[in-house]
Enquirer: 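There's a structure below that I have some questions on.
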Amino acid sequence: MKKPARRVVVAGFAVGLIAVAAFFFWPESTPSSARVFQPPEVKASRLTPEQYRLAITDVFGAHIDLGGRLEPVMREAGLLVVGASSVSVTAAGMEQFDAMADAISEQVLMHDDNRRVFLSCAPAKSDQPDDRCASEFLAPVGERLFRRPLTEWELRSFVAAAAAATKALGDFHAGLSLSLSAMLTSPQFLFRIPVIEEDPDRSGGYRLDAYSRAARLSFFLWNTGPDAELLRAAREGELDSDRGFRRQVDRMMASPRLEEGVRAFFHDMLRFDTFETLSKDPALFPKFSRREMADAQEQTLRTLVYLLLDQQRDYRDAFTTKKTFLTPSLAAIYQVPLAHQGPNGGVESWEPFEFPAEDPRAGILSHASFTALHSPPGRTSPTDRGKALREVLMCQTVPAPPPDVQFTVVQNTEDPIHKTVRQRLIAHSTVPSCAGCHRIMDPMGLALENFDGAGEFRLVENGQPIDTAGDLDGMEFSNSLELAQVVRDNPAIPSCLVKRMTTYAFGQDFTQDQRVFLKQMRVRFRESGFKIPELMRTIVTSPEFFQAAPASDPVSVDALTAAVR
Amino acid sequence: MRAPGSAIPEVAGVRGRHGGSGRGAVLRHGAAFGVVLWSLWAASVALAAGGQSRTFVVSFFAQQFTNYPGDCPGGVNPEDERGQIAFALRTMGYSGAEVRCLMVGWDQGGEGERKVNEILERRAVINGEPVNPMTHPEAVPDPQLKFVNAKQSVGFDLDGKQSADDFVDMITGKPGIDNQLFRSLGCNQNFRGSWTSPSAYGEWVWVQLRDSQPAWLMMITDAPSGKAGEVIVRIQRSFDHLRSNMDGSPRWHATYRADPDPRSFNEYRGYLRDGELTIPRQPRFSVLWNGLSAPVLNLSQFQLRLQQDSRGQWDGLIGGFQPWRELYFAFSHNGIVGDRPGLWHAMKKAADADPEPATGQNLAISVAYRFTAIPAFITPSGASVRTAMREGSKP
């Protein structure tokens with residue numbers, strides 16, 4: 001080859017190398033400007049059980065008994081709120097909605113004490129329809145429930161329904177109650193149905209309309225629908241101006257209700273809904289009853305709220321913090337002193353607590369909400385715990401076990417040869433098809449083996465000392481405290497949080513076209529010192545947050561209504 | 001056991017969602033301060049004693065009856081209600097035929113049962129007038145309950161002497177064991193038990209007491225002398241009930257507030273060797289107890305012997321001489337024990353200590369109580385915590 005030609009080849013090779021290096025090593029702090037965010041298609045999503053509860057509480061008060069429970073939502077992209085955007089309502093589920101609506105509306109309008117509060121007018125005759133009085137009640141309640149003012153047609157329909165029911169039942173309040181019940185089973189209440197409009201800032205683009213923006217903002221920050229002030233701001237066009245919008249964001253971020261939003265997010269991300277089906281063998285773990293299960297979730301949520309909201313600390317510190325909150329019942333599981341301060345039989349109170357430096361507990365991985373939740377009923381499972389760490393907190397996917405897998409060796413806790421779970425897992429992992437996946441799960445889980453299936457500390461298993469050494473992505477550790485530090489320092493931890501929180505805020509998973517936004521959020525999160533409130537503010541104030549694309553397969557409200565009916 | 005943690009002031013002082021002002025904040029400050037106080041208190045005890053403290057809560061406590069086949073050669077005292085009634089009627093002088101006739105009526109219920117009950121209620125007579133046989137057992141003829149006639153039992157040599165009525169300890173093999181409560185009541189069905197299975201009475205009364213009385217606490221501290229194995233053992237009451245798990249078993253590692261009441265405060269020099277804790281003879285042991293058992297548990301010539309297992313649980317006995325009338329106080333209103341006036345007479349005859357000067361009648365009986373304790377945390381008294389809470393809430 002001639003020299004010039006060779007130079008061209010060398011130069012070409014160098015350029016190629018640089019291109020490859022740039023692709024892999026280009027710093028994240030330079031957000032890609034070449035790739036444009038493609039707004040997600042709008043989707044209707046069903047209220048989660050907690051959102052339903054809060055919505056009723058907001059409008060009618062916490063004393064209203066819901067009278068039932070919602071059917072569960074499937075988790076998608078690691079979050080229930082994403083699953084909620086792809087669910088319908090089954091016939092049985094609709095029966096539940098119907099029963100709950102009846103129970104709520106009866107309490108609101110058929111109980112004298114409540115009626116005096118919620119119904120400001122009185123019908124001219126108690127056994128005759130009174131459209132004026134019905135309208136006075138239904139219009140404001142409907143606005144709160146539907147998260148937007150009722151259209152004239154809607155209001156007329158609900159008033160007419162109340163009148164017809166009054167005639168049939170001979171009781172104005174009973175008729176109005178039935179109309180309220182219909183409102184509570186309307187898809188407009190049960191589903192968040194975004195409405196889009198042309199985006200004035202993007203030619204040819206769309207964004208959510210003011211009320212849908214208010215709803216997205218409110219459900220993300222407070223886990224409930226917009227309050228009266230936010231609805232007013234939407235109605236009066238305040239959300240269309242940057243200043244007005246930021247004023248509302250500031251107000252909501254400063255509200256104590258932000259805690260509801262943060263708790264709801266972590267409840268979803270950490271999969272605390274699965275406590276519902278968690279069971280423990282009482283013969284092996286007699287301390288861990290339903291009360292301790294509830295307390296375990298609350299401990300972690302309180303810790304996170306304290307650390308991330310009250311103290312505005314680095315999110316990663318959640319994995320190493322020694323500070324937490326305990327009840328006396330949980331303290332007994334953690335084998336630390338905390339006396340019940342009230343009378344015998346009284347409700348246990350929550351107290352701040354800090355584990356000593358030498359205590360093996362640090363961070364939320366050492367909480368019972370992690371160690372017990374990710375353990376089978378009668379033993380520990382380093383594999384389950386490692387898988388949970390990978391999937392829940394690092395947003396990684398662990399392949400499912402092969403169809404012919406045999407768990408017998410791992411599950412036999414009375415094996416006289418393999419006394420510790422480490423020994424059993426080693427025996428199990430001699431099967432090549434198992435070994436690969438176990439290598440990425442077990443080492444982290446084994447570091448938590450000092451915490452038994454109910455989260456209680458132990459040093460031995462079946463009389464054998466427990467070895468807690470392992471590694472995570474090449475970083476070695478010898479015990480749970482070192483694991484906590486390694487996890488804290490793993491870049492996948494904040495990345496995953498950004499992914500989960502952004503997905504949670506949008507209510508739907510991101511496609512490849514939208515991931516540029518995630519990258520921007522990761523950079524901003526890092527620049528903020530990994531502060532959760534800053535990330536929340538960054539998400540809601542980003543232009544992308546309200547951008548939307550028309551649904552390619554639109555489901556009309558009529559269709560939804562038909563499905564519900 | 002690991003070193004306990006402690007709440008820290010800056011956590012306790014969090015404002016906003018967890019802190020703020022008002023009663024909640026006071027409680028939080030107070031609770032945190034309380035735990036700190038606990039640390040200081042425990043540390044001071046340990047420092048004063050020159051060593052480490054280990055704290056426990058009593059997880060079972062009842063009279064120990066360790067029976068074995070053949071220990072009642074005369075047979076077991078009537079074990080069911082029918083048998084007890086018939087037996088009582090016989091002791092009142094009714095003939096066998098009369099008793100059979102009365103019991104037919106009792107079996108039929110109604111008038112026949114009422115008649116038998118009336119007779120039984122009148123079996124105690126003072127100055128020709130019927131009186132309550134439970135409150136006046138002395139006025140009931142002694143039904144001559146059968147005694148244990150055996151050589152072995154469990155307990156302590158309380159008087160330092162060996163006498164014909166003493167037992168040989170079936171665990172330690174030591175002679176001179178004083179346990180006349182076992183001898184006098186050990187042939188009554190509901191008192192019969194073993195080391196692994198408590199008597200029906202013991203089990204029943206513990207279940208009643210466990211949830212209706214404050215827990216008892218035990219703290220073991222290295223003695224200030226620094227001599228190997230020498231410890232200080234404190235036994236006192238708590239303000240809290242024994243904490244239980246979902247299956248009813250006592251909860252390990254729960255936290256209890258200590259009651260500073262001197263009537264329930266006992267502290268002794270003891271010895272801890274090879275996992276065995278012993279307290280040699282002490283003049284007195286006293287803890288406020290419960291109306292179901294006795295208002296106060298008073299023991300003289302008190303001794304303790306416990307063995308610790310690999311998990312940290314203590315199991316063993318305490319013993320001493322106990323006023324037997326106080327025991328009768330508990331038995332007299334617990335139907336489970338059987339013929340109650342009979343128990344009075346049995347204990348009266350078997351009593352072996354504290355003779356009444358005027359009559360020579362012994363007022364105390366030697367007893368052994370099963371005593372188990374599990375690891376727990378102890379905080380200072382509730383009163384102190386409440387004071388601390390007020391102090392801690394000051395800016």
Side-chain angles (χ1 to χ4, degrees), chain A residues 256 258-259 262-263 280-292 302-303 305-307 309-311 321-326 328-329 331-345 349-361 450 454 456-460 463, chain B residues 1-20 24 27-32 34-35 38-39 42 55 211-215 238-258 310 375-380 382 385-386 389:
Chain A
L258 186 65
E259 181 179 330
V262 171
R263 289 171 72 98
K280 294 291 169 191
D281 184 338
L284 296 172
F285 307 114
K287 283 183 184 175
F288 205 71
S289 69
R290 299 305 304 183
R291 178 172 69 182
E292 283 72 26
R302 277 180 186 250
T303 304
V305 166
Y306 164 75
L307 194 75
L309 277 190
D310 296 346
Q311 299 292 302
T321 182
K322 288 282 186 178
K323 295 176 181 178
T324 188
F325 295 82
L326 295 178
S329 289
I333 287 180
Y334 292 158
Q335 301 176 15
V336 294
L338 186 64
H340 179 57
Q341 296 299 334
N344 279 298
S349 59
W350 286 92
E351 305 297 344
F353 193 88
E354 180 164 5
F355 291 106
E358 69 277 12
D359 193 289
R361 291 185 196 274
N450 280 143
E456 194 160 8
F457 185 77
R458 61 180 186 171
L459 282 170
V460 295
Chain B
M1 194 187 306
R2 292 174 305 138
S6 63
I8 55 160
E10 61 262 37
V11 176
V14 173
R15 294 189 193 284
R17 294 172 183 86
H18 299 291
L27 285 172
R28 280 184 285 277
H29 281 288
V35 177
W38 171 85
S39 306
T55 49
D211 297 332
S212 62
Q213 72 173 18
S238 167
F239 282 121
D240 302 302
H241 291 309
L242 179 67
R243 302 292 178 204
S244 297
N245 294 318
M246 60 195 290
D247 62 352
S249 60
R251 173 169 290 224
W252 288 47
H253 306 298
T255 306
Y256 296 89
R257 293 168 294 175
S310 59
F377 296 103
I378 303 176
T379 71
V385 170
R386 280 194 288 275
M389 283 161 61

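In this text, all values refer to a predicted model and were calculated from it rather than measured experimentally. Numbers restart at 1 for each chain; the letters A, B, ... are given by sequence-line order, proteins then strands.
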Enquirer: A339(A) and T379(B): which non-hydrogen atoms are nearest, and at how many Å?
Expert: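 Heavy atoms only, the tightest pair is CB-CG2, 3.8 Å.
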Enquirer: Using 0.5 Å steps for rounding, measure from the NE2 atom of H241(B) to the NE2 atom of H340(A).
Expert: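 NE2 of H340(A) is found 10.0 Å from NE2 of H241(B).
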Enquirer: Please flag which part of S329(A) lies under 4.5 Å from any non-hydrogen atom of chain B: side chain, backbone, both or neither.
Expert: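 It is both, since atoms from each part get that close.
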Enquirer: Search all heavy atoms of T255(B) against all heavy atoms of L338(A) and return the closest pair with its distance.
Expert: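 The pair with the smallest heavy-atom distance is OG1-N, 2.6 Å.
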Enquirer: Relative to chain B, which segment of P282(A) carries a heavy atom at a distance below 4.5 Å: side chain, backbone, both, or neither?
Expert: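 Contact with chain B: backbone and side chain both.
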Enquirer: Mind listing the closest non-hydrogen atom pair of N245(B) and P286(A) along with its distance?
Expert: CB-O, 3.1 Å
Enquirer: How close do M246(B) and F285(A) get, counting heavy atoms only, and between which atoms?
Expert: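 Here M246(B) and F285(A) meet closest at SD-O, 4.2 Å.
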Enquirer: W252(B) and K287(A): which non-hydrogen atoms are nearest, and at how many Å?
Expert: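 That would be O-NZ, 2.8 Å.
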